[in-house]
Amino acid sequence: RVLTGTRKRDHFFPILASLYCYVHGTSSTSLLHMTVAESLQRSVERWPDREAMAFLQDGVRKTFAQFQQDVDQAAAGLLALGMKKGDRLGMWGPNTYEWVLFQFATAKAGIILVAVNPAYQVQEVEFALQKVGCKAVVCPTQFKTLNYCDMLRKICPEIETSSPGDIKSSRLPELRSVIVLDSRQPGMLHFEDVMQAGGSQHMQQLQDLQKKISFDDPINIQFTSGTTGAPKGATLSHHNIINNSYFIGRRLGYHWRPHTRVCVPVPLYHCFGSVGGGISMAVHGISTVFPSRGYDGKANLAAIESERCTFIYGTPTMYVDMLNQPDLTKYDLSSVEGGIMAGSPCPQELVKKVFSD
């Protein structure tokens, strides 16, 4: 049948769009077309007993096989709580095992993880949660001087009299659940509630979901810093973050180095930590070492020595701090082969000093 004019354009445009989505320049390396869950599954099959991550301050260590088991349990628990594919879950807090756990659990359940800056004050967190319509928030009771639960109660006083998992807030109308990682709080769920909520039917639901999740699906929302106005939420797909970490890892040689152990002091709420660290762990089978919940220069140096880290991530100011530690020379840093300095412009003299010292 011959189509002309507008009808011809409308008929062929969707076809053309699908054909040209992934056209890119000349390259010997193809993009990966897989979901976050598929990338983890591949590493579990290759290195089930390899250590995937170590959170030194909290004493948590997980192999790839152990981590995947936790991911499945957490994902099934979220489904049991009534969360569905496309719902948003805000992850608010410092570098803990639960941050990475929910990063992968949400991805497997088709839920969009919203990375919330752990330094946000009341107005900022309300803006972020309202902007993207978070159905759940995961957080510790507090971090440093910030009491997250108190801040949420200021935004949503209804929490105090709500049944856990059934919050009805006038200021955050989409919010239903607050999941606390440590102490139990009125009107809020506890982390263990989620881990124990999923039964065999939810596990089956999770497996069935894998056939419906595409690598083009949105999986992560990260906010800009808000330098030129209110923070803007950038929505990323499985395809975005998998290939970001894939090419970062190839540039660093993760695909040919025998066993890479990366010291990750950068925050997980930023793509440097969550993608360069967490997703690269699954894509490349590297081991990630998190020295502390918040940045601590001395803890970084101790972690490099004790864990024999081969790579280190950091911003320029982090490297400045580590180089200026008064007892720098007492640490054995001979295992380090390379690293990434990013997040802001890197002064030439600082880069030279990192190499020389």
Side-chain angles (χ1 to χ4, degrees), residues 36 39-40 52-62 67 70-71 74 88-108 111-120 124-125 128-129 132 134 136-140 142-144 146 148 179-182 191 219-225 231 233-234 236 238 240-242 244-245 248-249 261-284 286-296 299-300 303 307 309 311-315 317-318 339-340 342-343:
V36 169
S39 72
L40 177 59
M53 66 198 78
F55 286 82
L56 304 187
Q57 185 174 342
D58 297 323
V60 177
R61 292 180 183 271
K62 298 287 180 178
F67 179 57
D70 284 355
V71 166
R88 274 79 63 201
L89 178 145
M91 191 69 218
W92 188 24
N95 288 10
T96 60
Y97 172 63
E98 292 84 0
W99 209 110
V100 183
L101 175 61
F102 278 102
Q103 178 185 22
F104 281 81
T106 51
K108 190 153 191 177
I111 297 163
I112 301 170
L113 182 89
V114 181
V116 183
N117 189 327
Y120 271 176
E124 294 166 311
V125 74
L129 298 179
V132 299
C134 281
V137 177
V138 179
C139 64
Q142 64 181 62
F143 174 58
K144 294 184 177 178
L146 298 176
Y148 294 148
I179 301 163
V180 188
L181 299 177
D182 38 52
F191 170 68
I219 203 59
N220 185 204
I221 294 176
Q222 296 197 15
F223 281 93
T224 63
S225 61
L236 307 172
H238 294 263
N240 292 149
I241 62 177
I242 287 289
N244 189 357
S245 94
I248 287 171
R261 292 181 65 81
V262 183
C263 179
V264 187
V266 293
L268 283 164
Y269 82 89
H270 188 276
C271 65
F272 199 172
S274 63
V275 179
I279 300 298
S280 286
M281 174 267 294
V283 171
H284 296 284
I286 62 174
S287 297
T288 51
V289 176
F290 296 83
S292 53
R293 293 185 174 195
Y295 176 79
D296 182 333
N300 295 344
E307 300 293 318
C309 294
F311 270 76
I312 181 167
Y313 293 170
T315 63
T317 51
M318 290 179 181
I340 301 178

**Student:** Taking C-beta and beyond as the side chain, do E98 and V138 meet within less than 4.5 Å on heavy atoms?
**Tutor:** no

**Student:** Given side chains that start at C-beta, do those of V114 and Q222 come closer than 4.5 Å, heavy atoms only?
**Tutor:** no

**Student:** Would you check if the side chain of E307 reaches a backbone N or O of V289 as a donor-acceptor pair within less than 3.5 Å?
**Tutor:** no

**Student:** Within the side chain of S280, is there an N or O that forms a donor-acceptor pair under 3.5 Å with the backbone of V275?
**Tutor:** yes

**Student:** Can you name the nearest heavy-atom pair linking I219 to T106, along with the distance?
**Tutor:** CD1-O, 4.2 Å

**Student:** Got I248 and N244 here, is their nearest side-chain heavy-atom distance under 4.5 Å?
**Tutor:** yes

**Student:** What is the minimum heavy-atom distance between P118 and Y148, and which atoms define it?
**Tutor:** O-OH, 2.7 Å

**Student:** As an exercise, state the distance from CD1 of I242 to CG of L236, rounded to the nearest 0.5 Å.
**Tutor:** 12.0 Å

**Student:** Looking only at heavy atoms, which two atoms of V116 and Y269 are closest? And how far apart?
**Tutor:** O-CB, 3.9 Å

**Student:** Specify the closest pair of heavy atoms between I340 and F272, including all atoms of both residues, with the distance to one decimal.
**Tutor:** CG2-CZ, 3.6 Å

**Student:** Could you check whether W92 and Y120 have their ring centres less than 6.0 Å apart?
**Tutor:** no

**Student:** When rounded to the nearest 0.5 angstrom, what is the spacing between CZ in F104 and CD1 in I279?
**Tutor:** 4.0 Å

**Student:** Can you tell me how far CE of M318 sits from CD1 of I312, rounded to the nearest 0.5 angstrom?
**Tutor:** 9.5 Å

**Student:** Hey, could you give me the CD1/OG distance between I241 and S274, rounded to the nearest 0.5 Å?
**Tutor:** 7.0 Å

**Student:** side-chain contact (heavy atoms from CB on, under 4.5 Å) for V60 and M53? Distances and angles first, verdict last.
**Tutor:** CA-CA 8 Å; V60 177; M53 66 198 78; 6.0 Å; no

**Student:** Which pair of non-hydrogen atoms, one from G294 and one from F143, has the smallest distance, and what is that distance?
**Tutor:** CA-CZ, 3.9 Å

**Student:** To the nearest 0.5 Å, how far apart are CG in D182 and OG1 in T96?
**Tutor:** 9.5 Å

**Student:** Give the minimum heavy-atom separation between S245 and V283, together with the two atoms involved.
**Tutor:** OG-CG2, 3.3 Å

**Student:** Please determine which of V266, N95, N300 meets the side-chain contact (heavy atoms from CB on, under 4.5 Å) test together with Y295.
**Tutor:** N300

**Student:** Is there a donor-acceptor pair under 3.5 Å between the side chain of T288 and the backbone N or O of A52?
**Tutor:** yes

**Student:** Would you say that N117 contacts E124 through its side chain, given a criterion of any heavy-atom pair below 4.5 Å between the two side chains?
**Tutor:** no

**Student:** Any side-chain heavy atom of V71 within less than 4.5 Å of one from L101?
**Tutor:** yes

**Student:** Say you draw a straight line from CD of Q103 to CE of M281; how long is it, rounded to the nearest 0.5 Å?
**Tutor:** 7.5 Å

**Student:** Should the pair F102 and F191 be assigned to parallel (<30°), tilted (30 to 60°) or perpendicular (>60°) ring geometry?
**Tutor:** perpendicular

**Student:** Determine whether R88 and L113 satisfy the following criterion, side-chain contact (heavy atoms from CB on, under 4.5 Å), listing intermediate values before the conclusion.
**Tutor:** CA-CA 6 Å; R88 274 79 63 201; L113 182 89; over 6 Å; no

**Student:** Hey, are the side chains of I286 and F311 touching, using non-hydrogen atoms and a 4.5 Å cut-off?
**Tutor:** no

